[in-house]
Structure formats: C-alpha cells, structure tokens
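Down below is the structure, laid out as structure tokens.
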Amino acid sequence: MTSEDLAPVALGERTWNTWNYAALWISMSLCIPTYMLASSLIEGGMNWWQAILTIFLGNSIVLAPMILNGRAGATYGIPFPVFARVSFGVRGANIPAMLRAIIACGWFGIQTWIGGYALYQMAKLWVPALATLQAVFPASWSLETGPALLFLLFWLLNMVVVHRGVDSIRKLLVFKAFFLPFAALALLFWAIQAGNGLGPILAQPSKFSSSAEFWAFFFPSLTGMVGFWATLSLNIPDFTRYAKSQRAQVVGQALGLPLPMTLFAFIGVVVTSATFIIYGQTIWDPVVLAGRFESKLLVSIAMVAVALSTLATNIAANIVSPANDFANLSPARISFKTGGYITGIIGILIFPWKLIADPSGYIFTWLVGYSALLGPIGGIMIADYYFIRKQLLHLPDLYQYDGRYAYQSGFNVKALLALLGGILPNIPGFLTIIGLLPKGAVWPWLVAVYDYAWFVGFFISAGSYLLLMSGQKQPVVQAPTQPQGEFQVSSI
C-alpha cells in the first residue's frame, strides 16, 4: 500500500452523505451469513421473537462503537491503520491491524465456502457423480471431495477478481442490491405458503425447558451478535473518512444497521421455522434448503445468483480491508494485490467449512471467539481518543517515526499490556469450548466469562489503558476549527 492510501482524505473528496452510509449497511446486511445468524438461533432453541430481539439488541449495542470510532475518521479523514497509531504507536498499530485482518480472512473463507457450496448444489443436480466422488482429504478435515472442488473453483474466481482489481466488482454489487432482497422475499413467500401461513410458523415454541437454559444460550448469542460486526466497528474509519459531515455517518449508520439487519434476520427466522413444519427438521443453511427444491432450473438459477452476490460481498467486505492491512506491514514490498492473495490463502487455511458446520460452532467458536480479540482493541481506541486525547490529534505526527505517537521505538507498551489484559480472561473459556481444555480443568466461573467475551475484553482493556496512561502527560493539540485532512505525507 502506498502512502497515498493512508493519507488523510482531502476535504474536496469527502462526498458520502447520510444515504450513502445507510445504503452501505443495507448492502452489507443483506448477505447469507446474516440469514444464517438468525436461523442459527432458531436451531439453537430460541423461538422467533427471542431470536429477533437478540439480533436487534446485538446490532444496537455494536452501533455505539461504530459511531464512536467513525467520528475520528470523519474529523481527520484517516483510515483505521492510521487511527490505531494514536493509541498503539506508529509501529504497534500493525498488531491490532493484523488481528483484525486475520479475522477478515476467516470471513473471506466463510463467504467463499458459501459461494462454492452453492455452486456444488447446482452442479450435482446435473452431474450426480459429484456427490459420490472418492474421499481424498483426511477424515479429520470433514471435507468431501465434490464440495471441495467447487469451493476451490470459487476461490480461484475470487483471486481473479483481486488480480483484475476491485473495480471489476461494481456491477455485481448492483446485481446483488436487486437480487438478494427479491430472493429473500420470494423465500419468505414460499415459507408462508408451504408452512400454511405465518400462524403455525410463529407458533413454534422455544426448545428451552427452563429459563436457566435460555439465559445460558442468550448471553453468548448476544455476544456473537455484537461480534458479527466487531471487525467493522474497528475499521469503520476506512469508510467514514469520506463523510461530508459527522451527521452523515452517525445518522446513516443508525438508519442502515440495526433495522435492516433485524428485518433480513426475520426472514431467516420465518423460513427456518417453516422448514421444521415442512420437512420435520430444522434447516438453518439457506443454500442447503434451496437444494431441496424439485426444479433443477430453479435451483440452478438460485445457486448461481447466490454465488455471484456472495462474490460481490466477499470482495467488498472481506478483501479490501485485510489487503490494505497486510500492505501496511511493508508498503514498499506488499502491494494491494499481494495483500489480497495473502487474504485468500489464509481464508483456506482457516478451514471455513468447519466454522459453519453447525450453529454452535458458528456462534460460540467463531463469532464469540474473535470478539474476545476485537473487543479489547475497540476499548483501547475509544478510551484513548475520547478520554486521553479529548478528540484532538496531531495529523503530521501520525506519519512520523519520531513524533508524539512514536512512544518506545514505535510501540505503546501500555496499550499492548491493556490489550493482553483484556484477552487473557477469555482464553480458558475459549480453550474449553474448542476442546483443548477438559471441562472442569478450570473454575466454572472463569469458563463462563467467555460468554461475555467482547464486553469483558472491551471494558477491561479500556479501564486498564486509562489507568496505565493516567500519569502520562499529553502534548497540547489545538482543536480543529474544521475537518482536517489536507497536508503532505512524508515519512510512513
């Protein structure tokens, strides 16, 4: 990534208004993982209103750090990797950037698996032998040969787009904007018709036998809902740096995030609940559900459309930011394209098919697990910007190795200690969930902390950072009289 990519956006280039931000969030909300987010709660035991309430609460909570972190981007025109330099140091900022990038690689892998599996569902209708190919991967991988071939084919298609440049994806984003809402409404209509109306569907009871069982599932699920957008809550300055005003990013995000997510999730809840009535079992994956339809042509059209819309979402949401983060490690050696290739390779190595093999893995291992890493980063950045800096930054020093944000050889050790302090309490619970620690090996209350991973990490890291930084005198910075951004980048 060149220094131009990191430089503050000039005032004349900040053209995004309220509706641009609302449209951005509506577009990102309308994706298969959002549907699966809702349906996984139904599969986990919730009834329809419990699932919808959990999703709405989670998205309303994560809206707060979205807006708070977005404010710095809108004021100074800087992207996330540069904003992270304020609290972590000009070199230390690579640590939170890499943590966030690795998680985005996981999302890239998940979306690629969804797109590839959609193509597999179509291909096996026309070439049934794909479903019976001899196993070539170890049993521990839980990967069948047919789905693996289409997954790799779809992965290659993503890499071709990266090679040709992300501008080639714009037409697909337009296609997605029209197709996914139409497809979602069609699926909702089918569910209501096949399920004999909304009444029987919404009458499906909760599967929890006691309130204790419900709360034991609710709190980690709520953490998972917050974790769903935890990556974007950090790198939201990558988008708000183009805002015409603070009002544009605040109102746009408030309109575009909680309500559209909840409405699309409602479709997922209704359709998933209907599958139990229609098929006698809960089918939480819409791609698997579409594969049950009788018409080969209908399934083929639906699966190709899902693959195309997934490709558009994947490049826009899961390639651009991590590619920039990898490039930020060494702007002279790692280009955007190289960063995109690195993202693609890690996306395979993370075994995405295992992450979404079942709802418990999707929520408790993936969403809650990575929220334990991102919550502390968000806590530190917000605490620093609002309580230490008082929203006042010195832009030129963000691009100097010897400025006020250099700390000790470019690293703010206090921020790193606060980051570690927020992550550590969640490790025993995570290791227990994934089976590396046997149940009973540590205190039950310590394992239970993991249910609140994002919240625990956020507040512990924010509090410890403020405590560690309380004795450090901050240089005086004059309050900006207008949005900042026009100066020459010289060093980094």
Side-chain angles (χ1 to χ4, degrees), residues 40-41 44-45 54 58 61-62 65 88 95-96 98-107 110 140 142 208 210-231 233-234 346 349-352 354-381 383 413-468:
S40 65
L41 297 179
T54 303
I61 291 170
V62 81
F88 286 89
I95 294 174
M98 283 302 97
L99 289 174
R100 198 208 65 80
I102 294 298
I103 291 160
C105 291
W107 272 120
I110 287 174
S140 60
S142 303
F208 302 115
S210 66
S211 58
E213 280 188 16
F214 168 76
W215 292 117
F217 184 76
F218 169 78
F219 286 113
S221 296
L222 180 64
T223 304
M225 300 310 108
V226 174
F228 190 81
W229 291 122
T231 50
S233 73
L234 295 185
I346 296 175
L349 297 179
I350 209 163
F351 282 35
K354 284 197 169 187
L355 293 178
I356 59 169
D358 64 86
S360 61
Y362 184 45
I363 294 177
F364 299 115
T365 302
W366 175 239
L367 294 177
V368 178
Y370 77 65
S371 77
L373 298 175
L374 301 189
I377 297 172
I380 291 168
M381 292 176 65
V413 176
K414 294 177 180 179
L416 298 179
L417 289 173
L419 175 63
L420 186 62
I423 292 173
L424 284 176
N426 291 306
I427 291 179
F430 176 72
L431 294 178
T432 301
I433 286 291
I434 64 175
L436 290 182
L437 269 183
K439 291 183 178 179
V442 295
W443 298 297
W445 66 266
L446 190 56
V447 175
V449 165
Y450 178 71
D451 290 348
Y452 312 88
W454 186 88
F455 300 95
V456 169
F458 183 94
F459 289 109
I460 287 181
S461 288
S464 57
Y465 180 78
L466 290 175
L467 188 63
L468 290 168

Rounded to the nearest 0.5 Å, how far does CG of Leu222 lie from CG of Leu41?
10.0 Å

Euclidean distance, Phe459 CZ relative to Tyr452 OH, rounded to 0.5 Å:
14.0 Å

I'd like to know if the side chain of Ser464 and the backbone of Ser461 have a donor-acceptor N/O pair within less than 3.5 Å.
yes

Can you name the nearest heavy-atom pair linking Gly58 to Met225, along with the distance?
CA-CB, 3.8 Å

In terms of ring plane angle, is the pair Trp107 and Trp366 parallel, tilted or perpendicular, where the classes change at 30° and 60°?
perpendicular

Between CD1 on residue Ile380 and CG on residue Leu234, distance to nearest 0.5 Å
10.5 Å

Look at the aromatic rings of Phe214 and Phe218 and report parallel, tilted or perpendicular, splitting at 30° and 60°.
parallel

Quick one: pull up CD1 in Ile61 and CZ in Phe458 and give me the separation to the nearest 0.5 Å.
11.5 Å

Looking only at heavy atoms, what is the nearest atom pair of Ile423 and Ala372, with distance?
CG1-O, 3.8 Å

Ignoring hydrogens, what is the shortest heavy-atom contact between Gly421 and Ile460? Give both atom names and the distance.
O-CG2, 3.5 Å

Smallest separation among heavy atoms of Ile346 and Cys105, with atom names
CG2-CB, 3.6 Å

Quick check: closest heavy atoms across Pro220 and Val368, and the distance to 0.1 Å?
O-CG2, 3.3 Å

Just verifying a value: how many Å separate Thr223 OG1 and Asn426 CG, rounded to the nearest 0.5 Å?
9.0 Å

Taking the side chain from Tyr450 and the backbone from Pro428, do they hold a donor-acceptor pair closer than 3.5 Å?
no

If I compare all heavy atoms of Ser233 with all of Val62, which pair ends up nearest, and what's the gap?
CB-CG2, 4.2 Å

Rounded to the nearest 0.5 Å, what's the gap from CG on Leu373 to OG1 on Thr231? Could you check?
12.0 Å

May I ask you to test the Thr365-Ile434 pair for a side-chain heavy-atom distance under 4.5 Å?
yes

Passes side-chain contact (heavy atoms from CB on, under 4.5 Å), Ile102 versus Tyr370? Steps please.
CA-CA 10 Å; Ile102 294 298; Tyr370 77 65; over 6 Å; no

Any sub-3.5 Å donor-acceptor pair from Tyr465's side-chain atoms to Leu419's backbone N or O?
no

